[in-house]
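Accompanying notes for the structure given below.
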Amino acid sequence: MKQVVVVGGSAAGLAAAETLRREGYEGTITLIGDEPYHPYDRPPLSKQILGGQWEPDRVPLRAPADLDALGLDLRLGVAATGLDLAGRTVALADGARVPYEGLVIATGVRPRRLPGDGNGEGNGEGNGDGGGRAHVLRTLDDALALRDRLGPGRRLAVVGAGFLGAEAAAVARGLGTEVTLLEPAPVPLAPAVGERVGRVLAQAHHDHGVDLRTGVMVAELADGGVRLADGTLVEADEVLVAIGSVPNTGWLEGSGLTLGDGLECDEYSAAAPDVYGAGDVARWHNPLFGTAMRIEHRTNATEQGMAVARNLLRPDERRPFAPVPYFWSDQYDLRIQAHGHLRGHEEVAIVEGALEERKFLAVYRSGDRVAGVLAVGMPPKAIRTWRQAVATRAAWRDTVGELMPEGA
């Protein structure tokens, strides 16, 4: 194999390129990214960048010299627009066609928008957001644009109280911005973390002065804010829409690859012979949990990028990609960490600490197995035993009974 193309210039794509070199690959690696920047880290965008603690020079994933040492054929600021599987070429927006023998698709996701606020579709591998009036928070430029509009005397409406919306609301409050957080569900984040934990996180927003409104639907953007489905106008100087993401697969339509909620891949993260998916765009079968998943978290992007590079280089020694997913979130003074597959859980047990103190460990059951663990305000060592229970697919009845503190 002499020519590998990696489409997607962020964490997953860079991890794939670095792993190829680390594993001894000496051929050409073409790294394509629709943004003009070198690969950079996205989690700080809704935290340190938005809050002003960091400037843009802190987010690149590698120093220029380290990136140069990889010997990449960098194609930045140009989107992929099509894929010819039979001809093994990737078409770019500038008219170029890049041949490949191995292909890694790591094109990520783009933010959903409110109806009528930008088309949100796009055919390339970029955000395709149509330049709407409301803010979204996916790119460095997004974060800087919103940061410039926050501060004392400013009003921000955040549509969506998931992890991204909640983090942005917390940062905005820390900057003195008046924040209204709008969520259609009765309890924010309940599908992911359960109602009891969701209420704890919601109360943190109330305590910090956020006007959190649950069970409300936003109908449209309006002059001076957003209008709810019941006609109420929520006044705001700026609006941030954080209602989820859409996988960037538009450029793959008609290619012959299977597309659904992302690029459909098997347990090896393969979408076709010599074609692999990695990061937010990839939906693959995780054999550890026996289900298909698509994960929009930073750690998974890096791990999957590394895994697909190894599988691409050694097709006779491929290994299934079977991680214990991990994510974290910072909201006010709360550090939230979770391991496993929490969505679709059937039971939650608080095994250490107390919800009312906002310092606790919650363990999640799916079927008769431990499926995940979430820690709020706990040191990393407190979660290790429970992560191991998730990794080994431990029996719920035995494990929770043995490891829960007496009287919990």
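Computed from a predicted model, the values in this text were never measured in an experiment.
Screening residues 167-178 for side chain to side chain donor-acceptor pair (under 3.5 Å) gives Ser46-Glu167, Lys47-Glu167, Glu167-Ser329 as the qualifying pairs, with residues at least two apart or on separate chains.
Residues Ala278 and Val104 share a closest heavy-atom pair of CB-CG1, 4.4 Å. Residues Ala16 and Ala309 share a closest heavy-atom pair of O-CB, 3.5 Å. Residues Leu140 and Pro56 approach most closely at CD2-CB, 4.0 Å, considering heavy atoms. Taking every heavy atom of both residues into account, Gly165 and Leu181 meet most closely at O-CD1, 4.2 Å. Closest approach of Ala11 to Ala301, counting heavy atoms only: CB-CB, 4.3 Å. Heavy atoms only, all atoms of each residue included: Gly262 and Thr249 are closest at C-CG2, 3.9 Å.
Side-chain atoms of Arg113 come within 3.5 Å of backbone N or O of Ala134 as a donor-acceptor pair. One N or O on the side chain of Asn286 and one on the backbone of Pro323 form a donor-acceptor pair closer than 3.5 Å. Under the 3.5 Å distance criterion, the side-chain polar atoms of Arg196 are matched with a main-chain donor or acceptor of Val348. Side-chain atoms of Gln304 come within 3.5 Å of backbone N or O of Gly279 as a donor-acceptor pair. Between the side chain of Glu183 and the backbone N or O of Thr214, no donor-acceptor pair lies under 3.5 Å. Looking only at distances, no side-chain donor or acceptor of Glu296 sits under 3.5 Å from a matching main-chain atom of Asp280. When atom types are taken as modelled, the side chain of Arg369 and the backbone of Arg393 share a donor-acceptor pair closer than 3.5 angstrom. The backbone N or O of Phe321 lies less than 3.5 Å from a partner atom in the side chain of Trp284, making a donor-acceptor pair. In terms of modelled atom types and a separation under 3.5 Å, the side chain of Arg358 and the main chain of Gly377 share no donor-acceptor contact. Formation of a donor-acceptor pair under 3.5 Å by the Asp84 side chain with backbone atoms of Thr89 is not found in this model.
Side chains of Tyr364 and Val193 form a contact here, defined as non-hydrogen atoms less than 4.5 Å apart. A heavy-atom distance below 4.5 Å is not found between the side chains of Leu164 and Leu240. A 4.5 Å side-chain heavy-atom check between Met306 and Arg310 finds at least one atom pair inside the cut-off. With a 4.5 Å cut-off on side-chain heavy atoms, Phe360 and Val200 count as touching. Taking the side chain as every heavy atom from C-beta outward, Asp142 and Leu45 never approach each other to under 4.5 Å. When side chains are defined from C-beta on, Pro325 counts as touching Met293, because their heavy atoms get closer than 4.5 Å. Residues Arg314 and Glu23 form a side-chain contact, since some pair of their non-hydrogen atoms from C-beta on lies under 4.5 Å apart. Residues Arg155 and Asp237 have side chains in contact (heavy-atom distance under 4.5 Å, counting atoms from C-beta outward).
For CE of Met1, the number of neighbouring non-hydrogen atoms (other residues, nucleotides, ligands) closer than 6.0 Å is greater than 12. Within a 6.0 Å sphere centred on CD of Glu356, heavy atoms belonging to other residues, nucleotides or ligands number more than 12.
The CD1 atom of Ile336 sits 4.0 Å away from atom CD of Gln331, with the distance rounded to the nearest 0.5 Å. The distance from the CD atom of Glu303 to the OG atom of Ser269 is 11.5 Å, given to the nearest 0.5 Å. Atom CG of residue Leu50 and atom CG of residue Leu150 lie 5.5 Å apart, to the nearest 0.5 angstrom. With rounding to the nearest 0.5 Å, the separation of CZ in Arg88 from OH in Tyr100 is 6.0 Å. Atoms CZ and CH2, on Arg335 and Trp328 in that order, are 7.0 Å from each other to the nearest 0.5 Å. If you take OH on Tyr40 and CD1 on Ile49, they are separated by 10.0 Å, rounding to the nearest 0.5 Å.
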Review point. Taking it one step at a time, do Arg154 and Glu238 satisfy side-chain contact (heavy atoms from CB on, under 4.5 Å)?
Key: CA-CA 8 Å; Arg154 303 290 294 175; Glu238 305 294 333; 2.9 Å; yes
Practice item. Apply the test side-chain contact (heavy atoms from CB on, under 4.5 Å) to residues Glu352 and Met378: give CA-CA distance (whole Å), side-chain angles for both, the deciding distance (0.1 Å), then the verdict. Key: CA-CA 9 Å; Glu352 188 173 335; Met378 303 293 287; 3.3 Å; yes
Practice item. Would you check, one step at a time, whether the test side chain to side chain donor-acceptor pair (under 3.5 Å) holds for Asp141 with Thr139? Key: CA-CA 5 Å; Asp141 289 341; Thr139 69; 5.2 Å; no
Practice item. Given side-chain contact (heavy atoms from CB on, under 4.5 Å), test Leu156 with Leu146 step by step and report yes or no. Key: CA-CA 10 Å; Leu156 174 69; Leu146 180 56; 4.2 Å; yes
**Study point:** Trace of the side-chain contact (heavy atoms from CB on, under 4.5 Å) decision for Val98 with Leu92
**Key:** CA-CA 8 Å; Val98 184; Leu92 304 185; 3.8 Å; yes
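Using a 4.0 Å cut-off between charged side-chain N and carboxylate O, Glu267 and Arg318 make no salt bridge. One finds no salt bridge joining Asp34 and Arg110 here, because no Lys/Arg side-chain nitrogen approaches an Asp/Glu carboxylate oxygen to under 4.0 Å. Of the charged side-chain nitrogens involved, at least one lies within less than 4.0 Å of a carboxylate oxygen, so that Asp41 and Arg298 count as a salt-bridged pair.
For the pairing with Val226, the side-chain contact (heavy atoms from CB on, under 4.5 Å) check across Leu182, Thr232, Val241 returns one residue only, Leu182.
For an aromatic pair to be called close, the ring centres must be under 6.0 Å apart, and His205 with Tyr332 satisfies this.
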Atom pairs and distances, donor-acceptor, side-chain atoms in residues 60-74, under 3.5 Å, two or more places apart:
residue : atom : partner : partner atom : Å
Arg62   : NE   : Glu18   : OE2          : 2.6
Arg62   : NH2  : Glu18   : OE1          : 3.0
Asp73   : OD1  : Arg75   : NE           : 3.1
Asp73   : OD2  : Thr30   : OG1          : 2.9
Asp73   : OD2  : Arg75   : NE           : 3.2
Asp73   : OD2  : Arg75   : NH2          : 3.2

